[in-house]
Amino acid sequence: MRQAGLEVSTGLLAKEASQLNDHYNYFYQTGLPYVTLKQAMTLDHMLAKKGERTAITGAEAWTRVHHTRNGLVTRLS
């Protein structure tokens with residue numbers, strides 16, 4: 001492009017672009033998949049009441065999960 005007389009700029013918005021592709025970049029930098037696991041269990045080691053939807057975690061966990069699913073949170077602190 002430069003040879004054709006066009007001005008070329010590189011590295012523009014590199015940080016933002018990297019954040020958009022965080023999971024993809026992680027895989028190619030480490031060779032490992034980027035995995036997020038959300039799991040909750042009660043003190044008696046149950047995941048839910050049989051045949052029922054059971055909320056074990058509170059509002060903070062619920063909010064974080066939905067932000068993560070919507071791409072608003074990519075890494076946990």
Side-chain angles (χ1 to χ4, degrees):
M1 291 174 64
R2 286 185 179 113
Q3 291 175 348
L6 297 173
E7 182 180 333
V8 177
S9 298
T10 60
L12 301 173
L13 300 173
K15 182 179 178 183
E16 292 81 354
S18 178
Q19 289 173 344
L20 286 173
N21 297 303
D22 199 31
H23 299 95
Y24 178 85
N25 293 336
Y26 182 84
F27 174 76
Y28 281 97
Q29 290 168 355
T30 66
L32 301 170
Y34 186 96
V35 177
T36 301
L37 171 68
K38 177 204 177 258
Q39 181 177 354
M41 77 171 63
T42 63
L43 292 174
D44 60 356
H45 305 287
M46 301 296 289
L47 298 178
K49 292 180 182 177
K50 189 170 185 169
E52 294 182 27
R53 181 180 170 105
T54 307
I56 296 173
T57 58
E60 182 181 346
W62 184 87
T63 300
R64 183 174 286 220
V65 166
H66 286 277
H67 282 196
T68 301
R69 287 179 182 165
N70 290 323
L72 299 174
V73 176
T74 56
R75 293 194 186 262
L76 299 177
S77 303

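Counting Ile, Leu, Val, Met, Phe, Trp and Tyr side chains that sit under 4.5 Å apart, directly or through other members, Val65 stands alone, with no cluster partners. Residue Phe27 belongs to a hydrophobic cluster whose other members are Tyr24, Tyr28, with links defined by side-chain heavy atoms closer than 4.5 Å. Here Leu12 sits alone; no ILVMFWY side chain lies under 4.5 Å from its own, so it joins no hydrophobic cluster. In the hydrophobic clustering, Val8 connects to Met1, Leu6, either directly or through intervening members, whenever side-chain heavy atoms lie under 4.5 Å apart.
In this structure, NZ on Lys15 lies 12.5 Å from CG on Leu20, to the nearest 0.5 angstrom. Once rounded to the nearest 0.5 Å, the distance linking OH of Tyr34 with CG of Asp22 reads 6.0 Å.
In this structure Leu13 satisfies the side chain to side chain contact (heavy atoms under 4.5 Å, CB included) test together with Glu16, sequence neighbours excluded. Qualifying side chain to side chain contact (heavy atoms under 4.5 Å, CB included) partners for Thr63, counting only residues two or more places apart in sequence or in other chains: His67.
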